[in-house]
Amino acid sequence: MKTFVVSAVSIVLVSILFCPMVMAAPSMPADLQIVQPDPSLPKELAGFWGKWEGSDQWMKFFLIVEKIDEEKASLYIWRSGSGIGSTPEGWERIEAKVIKEGRKYKLWYPGRFGNVEYTLKGKYLDCSLSGGGYRLTRVP
C-alpha cells in the first residue's frame with residue numbers, strides 16, 4: 001500500500017511540475033462581436049482571426065482578433081500582471097492596421113510605449129514591441 005501511495009503522489013507531482021500550465025481565460029467583454037472573415041480574404045491574413053493567449057516575463061495576455069479585412073483588424077487585448085508602466089489589468093479595444101510586406105501580413109498599432117506588431121509564425125502569433133515581445137498560441 002505504501003508503494004502505491006508514493007507512486008500516486010509522485011505521478012501527481014511530476015504532472016504538476018512538467019506539464020504545461022494552461023492560463024485561465026478572462027471573462028469575455030460584454031460587447032464582443034466576433035465576425036468570421038470574408039471567404040475571399042487571403043488565408044495568410046484570415047489566419048490572424050480568433051483567440052490567442054500568451055505571456056512574457058511580467059504579464060499574461062489574451063488577444064481576440066474580433067474582425068479583420070485587408071485594411072484593418074479590430075482587436076480586444078486583456079493584460080494581467082506587473083507590467084512596466086503599471087498597465088492596468090483588463091480589456092482594451094484597439095484598431096490595428098493591416099500591413100502587407102511582400103507575401104507576409106502584419107497587424108500594427110501605436111502602443112503606449114512604442115509600436116506594436118503581430119506576425120504569424122506557423123501556428124504562433126508573435127508580438128514585437130520596443131523593449132521585447134512575446135509569443136501567443138491559438139485557443140478555442
Side-chain angles (χ1 to χ4, degrees):
M1 182 67 174
K2 184 178 178 181
T3 305
F4 174 76
V5 171
V6 170
S7 296
V9 169
S10 298
I11 290 170
V12 169
L13 289 175
V14 168
S15 298
I16 290 170
L17 293 174
F18 295 104
C19 291
M21 301 293 283
V22 175
M23 179 171 52
S27 58
M28 295 294 113
D31 61 344
L32 180 67
Q33 293 184 15
I34 297 179
V35 178
Q36 187 88 23
D38 189 287
S40 66
L41 204 61
K43 68 178 182 172
E44 298 83 11
L45 183 54
F48 284 95
W49 182 79
K51 299 175 188 172
W52 304 84
E53 71 179 1
S55 62
D56 64 12
Q57 60 191 18
W58 299 284
M59 301 182 78
K60 295 177 183 173
F61 302 92
F62 195 78
L63 169 77
I64 300 172
V65 179
E66 184 179 37
K67 183 178 179 181
I68 189 165
D69 61 37
E70 293 198 44
E71 296 176 10
K72 64 184 185 239
S74 298
L75 311 178
Y76 252 122
I77 301 172
W78 179 83
R79 296 174 189 90
S80 155
S82 58
I84 299 170
S86 300
T87 302
E89 180 174 309
W91 286 104
E92 179 181 10
R93 178 174 251 146
I94 294 171
E95 188 161 298
K97 291 182 182 180
V98 171
I99 298 172
K100 186 175 182 185
E101 294 178 352
R103 292 182 167 185
K104 298 270 185 183
Y105 288 94
K106 294 181 179 185
L107 303 183
W108 176 95
Y109 65 90
R112 290 174 62 184
F113 305 106
N115 296 333
V116 180
E117 262 184 18
Y118 290 101
T119 310
L120 283 173
K121 300 280 178 152
K123 63 181 184 175
Y124 300 106
L125 184 62
D126 283 349
C127 176
S128 17
L129 36 100
S130 61
Y134 53 92
R135 175 165 275 184
L136 298 148
T137 305
R138 188 179 297 279
V139 293

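Because the structure is predicted, anything quoted here is derived from the model rather than measured. Values below: every heavy atom of this structure, side chains too, minus hydrogens, waters and symmetry copies. We count residues from 1, following the sequence as given.
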### same_hphob_cluster(Tyr76, Leu129) at 4.5 Å side-chain heavy-atom cutoff
yes
### Over all atoms of both residues, closest heavy-atom pair of Gln33 and Glu66
N-OE2, 2.6 Å
### Query
Can you check whether Tyr105 and Phe48 have ring centres sitting under 6.0 Å from each other?
no
### Query
Taking all non-hydrogen atoms of both residues, which atom of Asp56 and which atom of Gly133 are closest, and how far apart?
CB-O, 4.1 Å
### Query
Of all heavy-atom pairs between Gly47 and Leu120, which one has the smallest distance, and what is that distance?
C-CD1, 3.7 Å
#### Entry: Asp126 side chain near Arg135 side chain, heavy-atom distance below 4.5 Å
yes
#### Entry: Tyr134-Tyr109 co-clustered via ILVMFWY side chain contacts under 4.5 Å
yes
### Message
On a heavy-atom basis, which atom in Val65 and which in Ala73 lie closest, and how many Å separate them?
### Response
CG1-CB, 4.4 Å
### Message
Hydrophobic cluster membership, with links at side-chain heavy-atom distances under 4.5 Å among I/L/V/M/F/W/Y: are Leu45 and Ile99 in one?
### Response
no
### Task
Heavy atoms only: give me the nearest Leu75-Ala96 pair and the separation to one decimal.
CD1-CB, 3.8 Å
### Message
By the side-chain hydrogen bond (donor to acceptor under 3.5 Å, both in side chains) test, which pairs, at least two apart or in different chains, include something from residues 35-51?
### Response
Asp38-Ser40
### Query
Which atom names give the shortest non-hydrogen contact between Glu89 and Trp78, and what distance separates them?
OE2-CZ2, 3.9 Å
### Query
Going from CD1 on Ile64 to OG on Ser74, what distance comes out if it is rounded to the nearest 0.5 angstrom?
12.0 Å
#### Entry: Transitive ILVMFWY side-chain link Trp108 to Ile94, under 4.5 Å
no
### Task
Check whether any side-chain heavy atom of Leu41 lies under 4.5 Å from a side-chain heavy atom of Glu70, and answer yes or no.
yes
### Message
Using the side chain to side chain donor-acceptor pair (under 3.5 Å) criterion, which residues pair with Arg138? Sequence neighbours excluded.
### Response
none
### Summary
The salt bridge (Lys or Arg N to Asp or Glu O under 4.0 Å) partners of Glu101 (sequence neighbours excluded) come to Lys106
### Query
Do the non-hydrogen side-chain atoms of Ile68 and Leu107 ever get within less than 4.5 Å of each other?
yes
#### Entry: Note, Trp91 side chain near Phe62 side chain (heavy atom, < 4.5 Å)
yes
### Query
Is any side-chain heavy atom of Phe61 less than 4.5 Å from a side-chain heavy atom of Leu63?
no
### Query
Mind checking whether Trp58 and Ile77 sit in one hydrophobic cluster, side chains of I, L, V, M, F, W, Y counted as touching below 4.5 Å?
yes
### Summary
So CD of Glu117 and SG of Cys127: to nearest 0.5 Å the spacing works out to 9.0 Å
